[in-house]
Amino acid sequence: MKGEGFVRRLGFALKGLRHTVVTERSFRVHLAAAAGVLAVLLITRPAPVWWAVLGLAVGFVLMAELFNTALETLADHLHPERHPVVGAAKDIAAAAVLVASGAAAVAGLAFAVDWLVG
């Protein structure tokens, strides 16, 4: 990939995104949640800072899910049989998604409180 043009590298990234959407149910669930967040933002029309905060929160969850999928895909290919260290690595990657989702939920709750009180 090194030395490839931007359009070609973009194609690789889109291929990875497409693969994740097709193969990972949890990523599709997070995409649906992202669409819900976007709908709420479009309906409530908050201050730009809330667009930024919630957009970053959603982006971090999706990135964590993509990294988790990449790690699981590689680990399953390199070591298809069960192994405690591989299992631990996959669990840790899943925990990263959980932490990102929790942080996004806190951001969403803060937005809801601000919107309801303000």
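These figures come from a predicted structure and were not determined experimentally. Just so it is clear, the values below take in all heavy atoms, side chains as well, and ignore hydrogens, waters and symmetry mates.
The two residues Arg28 and Val21 come nearest to each other via the heavy atoms NH1-O, 2.8 Å. Of all the heavy atoms in Ala94 and Asn68, the pair that sits closest is N-OD1, 3.4 Å. Scanning both residues, Ala100 and Val61, for their nearest heavy atoms gives O-CG2, 3.4 Å. In plain terms, the two heavy atoms of Ala96 and Ala64 that are nearest each other are O-CB, 4.1 Å.
Rounding to the nearest 0.5 Å places CG of Leu98 at 13.5 Å from CD1 of Ile92. His83 contributes atom NE2, which lies 12.5 Å from atom CG of Leu78 (distance to the nearest 0.5 angstrom). Between the CG atom in Leu109 and the CG atom in Asp114 there is a gap of 11.0 Å [rounded to 0.5 Å]. To the nearest 0.5 Å, atoms CD (Glu72) and OG1 (Thr23) are separated by 10.0 Å. Distance check, rounded to the nearest 0.5 Å: OG1 of Thr44 to CG of Leu116 gives 10.5 Å. Rounding to the nearest 0.5 Å places CG of Leu62 at 5.0 Å from CZ of Phe27.
Between the side chains of Thr20 and Glu65, not a single donor N or O lies within less than 3.5 Å of an accepting N or O.
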Discussion item. Checking Trp51 against Leu56 for the side-chain contact (heavy atoms from CB on, under 4.5 Å) test, could you report, in this order, the C-alpha distance in whole Å, the side-chain angles of both residues, the deciding distance, and whether it holds?
Written reply: CA-CA 8 Å; Trp51 284 85; Leu56 286 169; over 6 Å; no

Practice prompt. Take Val86 and Glu81 through the test side-chain contact (heavy atoms from CB on, under 4.5 Å) and record every step on the way to the result.
Written response: CA-CA 9 Å; Val86 172; Glu81 58 277 353; over 6 Å; no

Practice prompt. Might you work through the side-chain contact (heavy atoms from CB on, under 4.5 Å) test for Phe111 and Val40, ending with a clear yes or no?
Written response: CA-CA 10 Å; Phe111 167 74; Val40 168; 3.7 Å; yes

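Linking Ile, Leu, Val, Met, Phe, Trp and Tyr residues whenever their side-chain heavy atoms come within less than 4.5 Å places Leu42 and Trp50 in a single cluster. In the hydrophobic clustering of this structure, Val53 does not group with Val113; members are Ile, Leu, Val, Met, Phe, Trp, Tyr whose side-chain heavy atoms approach within less than 4.5 Å, directly or through other members. Taking hydrophobic clusters as Ile, Leu, Val, Met, Phe, Trp and Tyr residues chained together by side-chain heavy-atom distances below 4.5 Å, Leu31 shares a cluster with Leu38. No continuous path of hydrophobic side-chain contacts links Val58 to Ile43 [ILVMFWY only; heavy atoms under 4.5 Å].
Counting heavy atoms from C-beta outward, Trp115 and Pro46 have side chains that stay 4.5 Å or more apart. Leu17 is listed as a side-chain neighbour of Leu66, based on a closest heavy-atom distance under 4.5 Å.
Listed for the Arg82 side chain is no donor-acceptor partner under 3.5 Å among the backbone atoms of Gly87. Looking only at distances, no side-chain donor or acceptor of His77 sits under 3.5 Å from a matching main-chain atom of His79.
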